[in-house]
Undergrad: 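Handing you a structure now.
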Amino acid sequence: MIPAAFEYYRPKDMTGVLSLLGEHGDNARVIAGGHSLIPMMKLRMADVPHLIDLQGVGGLDDIELSANSIRIGAMVTQHDIIDHNGLASAAPILREAALQIADPQVRYMGTVGGNVANGDPGNDMPGLMQCLDATFTVVGLDGERDIPARQFYEAAYMTAREDEEVLTSITMPIPAGGYAYEKQKRKIGDYATAAAAVLLTKEGNTCKSASIAMTNLSDIPVYSEEAGAALVGSSLDDTAIKAAVTAVLGDIDPSEDNRGPVAFKKHLAGVILRRAIERAWSRA
Amino acid sequence: MKDEVESREDRVAGLKGMGCSRKRVEDARFTQGKGNYVDDLKLDGMLFGDFVRSPYAHARIVNIDTEAALRVPGVLAVLTAKDLEPLGLHWMPTLAGDKQMVLADGKVLFQGQEVAYVVAQDRYAAADGIEAVEVDYEGLPVLVNPFEALKSDVVLREDLLAEDGSIPDGAHGPRKHHNHIFTWEAGDKDPTLEVIDNADVVAEETMYYHRTHPCPLETCGCVASMDKVNGKLTLWGTFQAPHAIRTVVSLISGIEEHNIRVISPDIGGGFGNKVGAYPGYVCSVVASIVTGKPVKWIEDRMDNLMTTAFARDYHMTGRIAATKEGKITGVHCSVTADHGGFDACADPTKFPAGFMNICTGSYDIPTAYLEVDGVYTNKAPGGVSYRCSFRVTEAVYFIERMIEVLAIKLNMDAAELRRINFIKKEQFPYQAALGWEYDSGDYHTAWDKALKAVDYDGLRAEQAQRVEDFKAGKTRKLMGIGLTFFTEIVGAGPVKNCDILGLGMFDSCEIRIHPTGSAIARLGTISQGQGHATTFAQILASEIGLPADSITIEEGDTDTAPYGLGTYGSRSTPVAGAATAMAGRKIRAKAQMIAAYLLEVHDDDVEFDVDRFAVKGAPEKFKTMNEIAFAAYNQAIPGIEPGLEAVSYYDPPNMTYPFGAYVCVMDIDVDTGVPVIRRFYALDDCGTRINPMIIEGQVHGGLTEALAVALGQEIAYDDMGNVKTGTLMDFFLPTAWEVPNYETDHTVTPSPHHPIGAKGVGESPHVGGVPCFSNAVQDAFRPFGNTHTNMPHDHWRIWKTANELGLHG
Amino acid sequence: MSKKQHYKITVNGKEEEFLAEPRELLIHTLRERLKITGPHIGCETSHCGACTVTVNGKSVKSCTVFVAQADGTEITTIEGIGSPDALHPLQEAFKEHHGLQCGFCTPGMIIRASKLLEEIPNPSEEEIRFGMAGNICRCTGYQNIVKSIQAAAAEMNSAKEAAE
């Protein structure tokens, strides 16, 4: 219940953050909303001798909508996402997903940046961002670089971000067409037993584009190129959906845990994906 | 000045006595953040203690190095078994006649077991100190399956072996194996087995009532404060039985009881978790004696789930015999009970399997036989009765499942099978085959009312159509109708057969009326949310004619409250409620004499009417209870002592037997395993109803805990004895989103032996709820071949049932 | 142990200044340091919500915030709403509709409900259950909590209308 002692810093700008990260290396971590990191520290499963609070750094909690893209600052909370009317119109899948994360109190504090940067396979935003083909901007002492979400995740808690870099914003094209974030969980506050993010566009009665990503079914989020391809050009008939499910089952690698055995998770992944596809299609 | 023409109806209403939905007096402090829970207590110089706990389920302790811990700033002491041994406190007796380690003595027997106790200035220093204690363990083979434990050469309890390696008797008789604890039997073995062997129809089933945990929102804790100047120990704590704790602490510490004051302040939920004594209490007492300062211990949620008393863990096999027409002729129940590393089960001493012998349920069964074998494993010690009377959840689950299994075997409707086997109203008091005498019941009326309320026939018709639709591929959702008709056995209990560590399970009430017409009553029970301060005042208001709003109810301070056995097993209303009524009647009897004196008539010439005594035949001549109260302090009445007070210690002649009829309608998505509760109807008969609002609240709460247990809440272990569900991430506590609205209903069949006819209700909804939710799931799959599936019915297990029945095409 | 820092927070309208380790959890600052014992501790994994308070207008689980993060903020706990002579409508409603039993979840429940009613002044039952899903109760089964919040909302809305 009680974390180990640490030094706490609240720098006024990113330069301050980066210099502290440089100075202390992997003995330092940034904290955004803290609702992933603090529970780990309380259980003494994460040891953080130097804690750098990002809340003093300006410019990290803006939501910017332009004609073609959306930019969300890393410190934007799930609550901010849900409340933002512009986002609700431009990318309603974000709101739909955010509402299924944790509970109201955690959503007031939990940030999008924290949710995507942590590398926790249970988090919902990583898969969603891959579906949206988002790009993460990280900043280090050497400057800024952009990393596509689809290339960001390497293993559980291991991402393409270096220890001394900080994720500052997430940019994505404005999604078109139908959307769905379908998540099954045991109760509110739980991670997904299986979740699917789906974006589809329709031309006439044919699927023009499809983007599919799955959550908590591997040690990283799974963007399934093949599953999307299976839908494109089809009328989303049963054959096409079955092909998408088959593709996803080939891409995921779920483990057994308290939510259930592998066979269940695989079956459920297919069911959840199908429902997400059908819902997205109905909105396309 | 009361309006003299106030109607009788108004006078009754003004008392807020029995039967009205009086609002709770407790709410004022709780809604304003002014509750007084153990962790709220802050005393000068108070220290904080916490445990180093074993990560291993079975291991020898090779060495404990406390040096580094003692150097952590703020750490004052680190206690180990070696420090407690000279005081004889490294082990303590359990409520089940066993003993358990307070601190690991040579070995550990379950994950999370207490190894060392760090005493520090505050909880932060204690936490740092715990990290710095170095313990060397040597792993031992782990036994998590009781059936394997009964065959294994691995000895869990070396302390229970004789020097020559033989196995002496345990507290409950001979032990068959070094990991065996007791065998307990009830009923008639040979006649029952013969009936079953010769029966037309026998249904047999094996079922596991999984291990779970009461998980009250407030964890266990205490503050121990030894006053060395006066030689007095004060112990505040989360105690559902404060007097019993005082006696136990006295026996194990050697401090005389008059020098021990135990106080249960506000308790944030008990549900059985807070009945027994835990190492944290003992270590805090020792630490306070050693340091001369108050010492607080408050456990974390993980400590609570992993190490305090679990519930259930009963492997049950049943055989139920019946005629072809469905009349049950006999039942055989055999149980393997997993008690973990120590048998710390909270049961009356003569009942190592609690009241499991209520497992013939609501049915008229001529012969039955029950056998229970208790077993040690490398799991947390216990268990306790989680929101039930002792083992009654297990007993009722058993019989309500066996009845369903029998219905399947007979190809009969399960509601009808119940009806033809119910004990009939005229059979009460009913002598059940396994020993209990049920006090009263009208099962047929309740059942008919329930089935009518839910349009049972309509539901079955709808279900039949749904099965057709499913087979035709029109839907992927099955419909289940869960039925339960339970009989509880609560209100432990008659002193002649119910005691906790030798303390008879009576209870008590002591009343003192003040000169200006208000009163204080103290009881031997202790509320953990049941609203005693509100409801016991209602009992008294009706008995003695003073308004409930003028009666303070106090519990929990052993210096002032009369001795009682506390609150669990729904015993407060049956036992302390009876004591309250009896004490009230003693008050009334004296008040009658005072009134007669004041009215200058003979004692027999006045009669009690709501809030006054009036002269018979001349009702305009009366004295109110207010006037009588003052007179008790003001008048010199020949032959009558001044003052107006009374005490009653009530030894109940029997338990009470509340009952209920529950129906649950569930829709199950076979592809995802997700059940949706469409409707839950609960009819409860708890006899006389003291406060309908509170009864309804108890039913909502008990049903919700039942939903949790039936649909996912479990304490699960892996093969190495690691707890898989040790935090609220995996230990299922439903939120407002997962819980439906419940419909509550009632019938009233008073208890003939209880002074106010009340039976108690707090735990009935949990006892009846679990099998009802479970039966709904099972019933959904019955048309496809399911006879029994174990709980919990979480998503993956429901899915697995569907999968194994071939429903995934 | 690390060096103590100087922090300033405003709790229920009162400014508090003190030295504390940065790792001190806000729930402990409130309960241990400031003797504000309304918010409770029910778990250590941020699930139960018994520790819920309002921080700078947000519903927050104070067990998952370091006092260092809360430096400079305004915090409201159960002790900060209503008074014994003028209870908040939620406090009245919880009593009227039996929305509590053991009382342990109640401070967090009421404080969260007060924020919910700011977010959604006239919530449906579904919105109440969803909006209160961060607060666990073991006693009531939630049904009467929902009723209490509905009653308080009705009272607060009619009082608002009367004032307008």
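Below, chains carry the letters A, B, ... as their sequence lines are ordered, and counting in each starts from 1.
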Undergrad: At what distance, to the nearest 0.5 angstrom, does CG of B/Asp671 lie from CZ of A/Arg274?
TA: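 CZ of A/Arg274 is found 9.5 Å from CG of B/Asp671.
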Undergrad: Mind checking which of residues 713-726 of chain B sit less than 4.5 Å from chain A, heavy atom to heavy atom?
TA: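 So the qualifying residues are B/Lys724, B/Thr725.
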Undergrad: Step through the shown structure and confirm whether more than 12 heavy atoms of other residues, nucleotides or ligands are within 6.0 Å of CZ on A/Arg29.
TA: no
Undergrad: Is A/Ala194 in contact with chain B via its backbone, its side chain, both, or neither, using a 4.5 Å heavy-atom distance?
TA: neither
Undergrad: Indicate yes or no: at least one non-hydrogen side-chain atom of B/Leu711 is less than 4.5 angstrom from one of A/Lys187.
TA: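 Answer no - side chains too far apart.
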Undergrad: Is any side-chain heavy atom of B/Asp794 closer than 4.5 Å to one of A/Arg186?
TA: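 The answer is no, as the side chains (C-beta and beyond) never meet within the 4.5 Å cut-off.
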Undergrad: Atom NZ of residue position B/Lys42 - does it have more than 12 heavy atoms of other residues, nucleotides or ligands inside 6.0 Å?
TA: yes
Undergrad: Under 6.0 Å from the CD atom of A/Glu154, do we count more than 12 heavy atoms belonging to anything else shown?
TA: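 Yes, enclosed.
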Undergrad: Do you know which two heavy atoms are closest between B/Met729 and A/Gly189, and how far apart they sit?
TA: SD-O, 4.5 Å
Undergrad: Return the CG to CH2 distance between A/Asp257 and B/Trp796, rounded to the nearest 0.5 Å.
TA: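 Nearest 0.5 Å value for the CG-CH2 distance: 11.0 Å.
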Undergrad: Contact part of B/Asp50 toward chain A, heavy-atom cut-off under 4.5 Å: side chain, backbone, both or neither?
TA: neither
Undergrad: Tell me, out of B/Glu131, B/Arg797, B/Lys800, B/Arg123, who's got the most heavy-atom pairs with chain A below 4.5 Å.
TA: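 The residue among B/Glu131, B/Arg797, B/Lys800, B/Arg123 with the greatest pair count is B/Glu131.
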Undergrad: So which part of A/Arg259 gets closer than 4.5 Å to some heavy atom of chain B, the side chain, the backbone, both or neither?
TA: both
Undergrad: Is A/Lys42 paired with B/Asp300 through a side-chain N to carboxylate O contact shorter than 4.0 Å?
TA: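 Here B/Asp300 does not pair with A/Lys42 in a salt bridge, since their nearest N and O are not under 4.0 Å apart.
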Undergrad: Taking only heavy atoms into account, what residues of residues 730-740 of chain B are found under 4.5 Å from chain A?
TA: B/Asp730, B/Phe732, B/Leu733, B/Thr735, B/Trp737, B/Glu738
Undergrad: If you compare all heavy atoms of B/Tyr124 against all heavy atoms of A/Ile2, which two are closest, and at what distance to 0.1 Å?
TA: CD2-CG2, 3.2 Å
Undergrad: Between B/His795 and A/Phe264, is any pair of side-chain heavy atoms under 4.5 Å apart?
TA: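 When only atoms from C-beta onward are counted, A/Phe264 and B/His795 do touch, with a gap below 4.5 Å.
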Undergrad: Using modelled atom types and a 3.5 Å cut-off, is there a donor and acceptor pairing between side-chain atoms of B/Arg301 and backbone atoms of A/Met1?
TA: no
